[in-house]
2 protein chains.
Amino acid sequence: MPRVPSSASNDRPPVRQTRIQKAKREAILDAALDVFSQHGFRGATLDMIATRAGLSKPNVLYYFAGKEAIYTQVLSQILETWLDPLVSMDADGDPLQELRAYVGRKLEMAREFPRESRLFATEILQGAPEIEGLLSGELRKLVEEKAKVISGWSAAGKIAPVHPKHLIFSIWATTQHYADFRTQIDMVLGTGEDPFPEAAAFLDHMFARLLAPVQAPDSTPSGGKP
Amino acid sequence: MPRVPSSASNDRPPVRQTRIQKAKREAILDAALDVFSQHGFRGATLDMIATRAGLSKPNVLYYFAGKEAIYTQVLSQILETWLDPLVSMDADGDPLQELRAYVGRKLEMAREFPRESRLFATEILQGAPEIEGLLSGELRKLVEEKAKVISGWSAAGKIAPVHPKHLIFSIWATTQHYADFRTQIDMVLGTGEDPFPEAAAFLDHMFARLLAPVQAPDSTPSGGKP
DNA sequence: CCGCAGTTTGACCAAATGGTCCAGTTCAAG
DNA sequence: CTTGAACTGGACCATTTGGTCAAACTGCGG
């Protein structure tokens with residue numbers, strides 16, 4: 001038993017991987033995302049993950065070193081995607097457009113990847129034991145950088161003056177809310193319909209109003225047609 | 001052993017309660033709030049709760065029927081307080097003042113009761129199995145009622161037209177974010193200082209700008225001094 | 001000081017669960 | 001077809017954990 005699999009840390013494509021290995025590992029990771037996002041780390045069991053992936057428990061352990069290794073892997077895969085929308089906010093684009101697009105992209109992620117959003121939320125709620133480093137390292141630096149960009153836009157009169165970091169927090173909060181608190185939203189709204197279209201309109205309107213320059217800066221002063 | 005304690009369901013003060021019973025039950029509930037909010041239901045153990053309350057595990061079980069009974073009790077106590085700020089939003093008050101006060105009260109709760117906020121968030125994240133009834137009953141009705149009030153204010157030109165329910169969602173999201181995601185906020189901001197003063201200023205400004213009537217309705221048109 | 005309801009806990013129990021072993025089965029290269 | 005490596009899963013193990021029990025202890029009204 002050569003025991004090749006189980007690459008707990010970083011994924012290196014070079015390490016030879018059978019077609020079957022790739023498929024099974026993906027199946028396990030997807031099942032794990034399901035289970036972890038629904039029950040949290042402690043609430044999830046290997047049996048749940050195995051069953052959902054269509055494998056036996058020992059077989060899951062053949063591909064991953066253990067429960068924690070699976071969790072770590074799932075989480076690190078999420079994080080790549082998670083920062084993307086903020087990263088792609090362009091300092092050279094039109095300020096108001098860029099920020100509204102960021103809100104839109106973030107809301108789109110809440111709609112497309114609710115499991116990821118919930119898992120991330122759970123992890124942070126419990127003190128982010130697993131991703132502490134990333135938060136105080138990569139994320140902090142990124143926010144610092146983008147906050148400067150936003151401050152620049154404010155100073156140039158392109159958008160209204162706002163506290164840039166708290167603006168970012170409010171964007172995270174409002175968009176992720178539609179994934180993380182979906183249960184509550186459905187119960188308050190009545191489960192009949194998709195809340196996202198109205199949410200998109202509301203949030204776009206809200207941030208447009210917040211950010212519209214107070215005095216006409218150089219072009220169209222109004223936010224847009226509601 | 002008459003086994004008087006353990007009133008799992010509603011709390012009825014009439015049922016005789018020793019001074020010692022009251023004290024111990026409170027200690028257990030407080031310890032449980034600590035532990036449940038930090039680890040979730042599954043992640044919490046009776047031993048953690050017992051230790052934190054300064055009791056032995058069997059002793060805890062003497063006062064409560066079981067782990068779930070403790071959890072239910074903690075949760076139901078929270079919910080009373082939780083809806084309070086929204087309840088006290090007065091339809092006859094000044095619209096903008098009422099809404100800004102609501103935001104302020106809600107943020108204050110995030111600051112004063114972060115454990116409660118996190119426990120509530122965890123519960124909803126996992127599908128709110130324990131409080132489903134309350135959400136789709138009491139809460140839904142309350143939101144329905146307050147949404148009508150807000151719509152009335154909009155129609156009367158007292159505040160700008162907004163989707164009332166999504167406005168409420170955005171208030172919940174932004175305020176609770178400072179409790180639920182506190183770990184992330186500290187890491188992004190640098191743990192040095194209290195984020196709440198700036199958060200209060202930012203959120204007040206944001207909602208004031210969102211809600212300020214577009215055309216002067218009948219009195220002071222501007223939102224206030226920044 | 002007695003007696004008993006009220007209180008406390010060490011010792012235990014059974015189920016759940018992360019993880020291991022090893023005897024098989026499948027697969028693909030030669 | 002052969003053969004060794006890759007893969008699979010039934011049986012098993014150790015720990016954790018929610019919960020039980022009976023024996024012991026405490027405090028107070030009579």
Looking at A/Y62, I'd like to know whether one of its side-chain N or O atoms comes within less than 4.0 Å of OP1 or OP2 on D/dC7. yes
From CG of B/L46 across to P of C/dC13 the rounded distance in Å is 19 Å
Which of C/dG19, C/dT17, C/dT8 is nearest the side chain of B/R42? It is C/dT17
Interatomic distance where CD belongs to B/E68 and C1' belongs to D/dT17 [whole Å]: 15 Å
Is there a donor-acceptor pair closer than 3.5 Å between any side-chain N or O of B/K141 and the backbone N or O of B/S136? no
Could you check whether the rings of B/F169 and A/Y178 sit parallel, tilted or perpendicular, using 30° and 60° as the cut-offs? perpendicular
Which one, C/dT8, C/dT17, C/dT9, comes nearest to the side chain of A/T45? C/dT17
Side chain of A/Q21 only, please: which of D/dA11, D/dG19, D/dC7 is the nearest? D/dC7
Could you give the CD1-to-P distance, from B/I49 to D/dG19, as a whole number of Å? 10 Å
I'd like to know if A/K165 and A/E144 make a salt bridge, using a cut-off of under 4.0 Å between side-chain N and carboxylate O. yes
Can you tell which of C/dG19, D/dT20, D/dG18 lies closest to the side chain of B/K67? D/dG18
Which atom of A/W153 lies closest to which atom of A/D90, heavy atoms considered: CZ2-O, 3.5 Å
Would one find a side-chain N or O of A/N59 under 4.0 angstrom from OP1 or OP2 of D/dG9? yes
Around B/E138, counting heavy atoms of other residues, nucleotides and ligands shown, do more than 12 lie under 6.0 Å from its CD? no
Among D/dG19, D/dT8, C/dT9, the one nearest B/P58 by side-chain distance: C/dT9
Can you tell me how far P of D/dT16 sits from NE2 of B/H39, to the nearest Å? 16 Å
Ignoring the backbone of A/S56, work out which of D/dT8, C/dT9, D/dG19 is nearest its side chain. D/dT8
B/L61 CG - C/dA11 C1' separation (whole Å): 15 Å
Whole Å only: how far is the OH atom of A/Y63 from the P atom of C/dG18? 20 Å
Could you give the CD1-to-C1' distance, from B/I28 to C/dT8, as a whole number of Å? 12 Å
B/L55 atom CG is separated from C/dT7 atom P, nearest whole Å, by 12 Å
Side-chain donor/acceptor of B/K57 to base of D/dG18, under 3.5 Å: yes
Under 4.0 Å, heavy atoms only, any strand: does B/A44 hit a base, just the sugar-phosphate, or nothing? sugar-phosphate
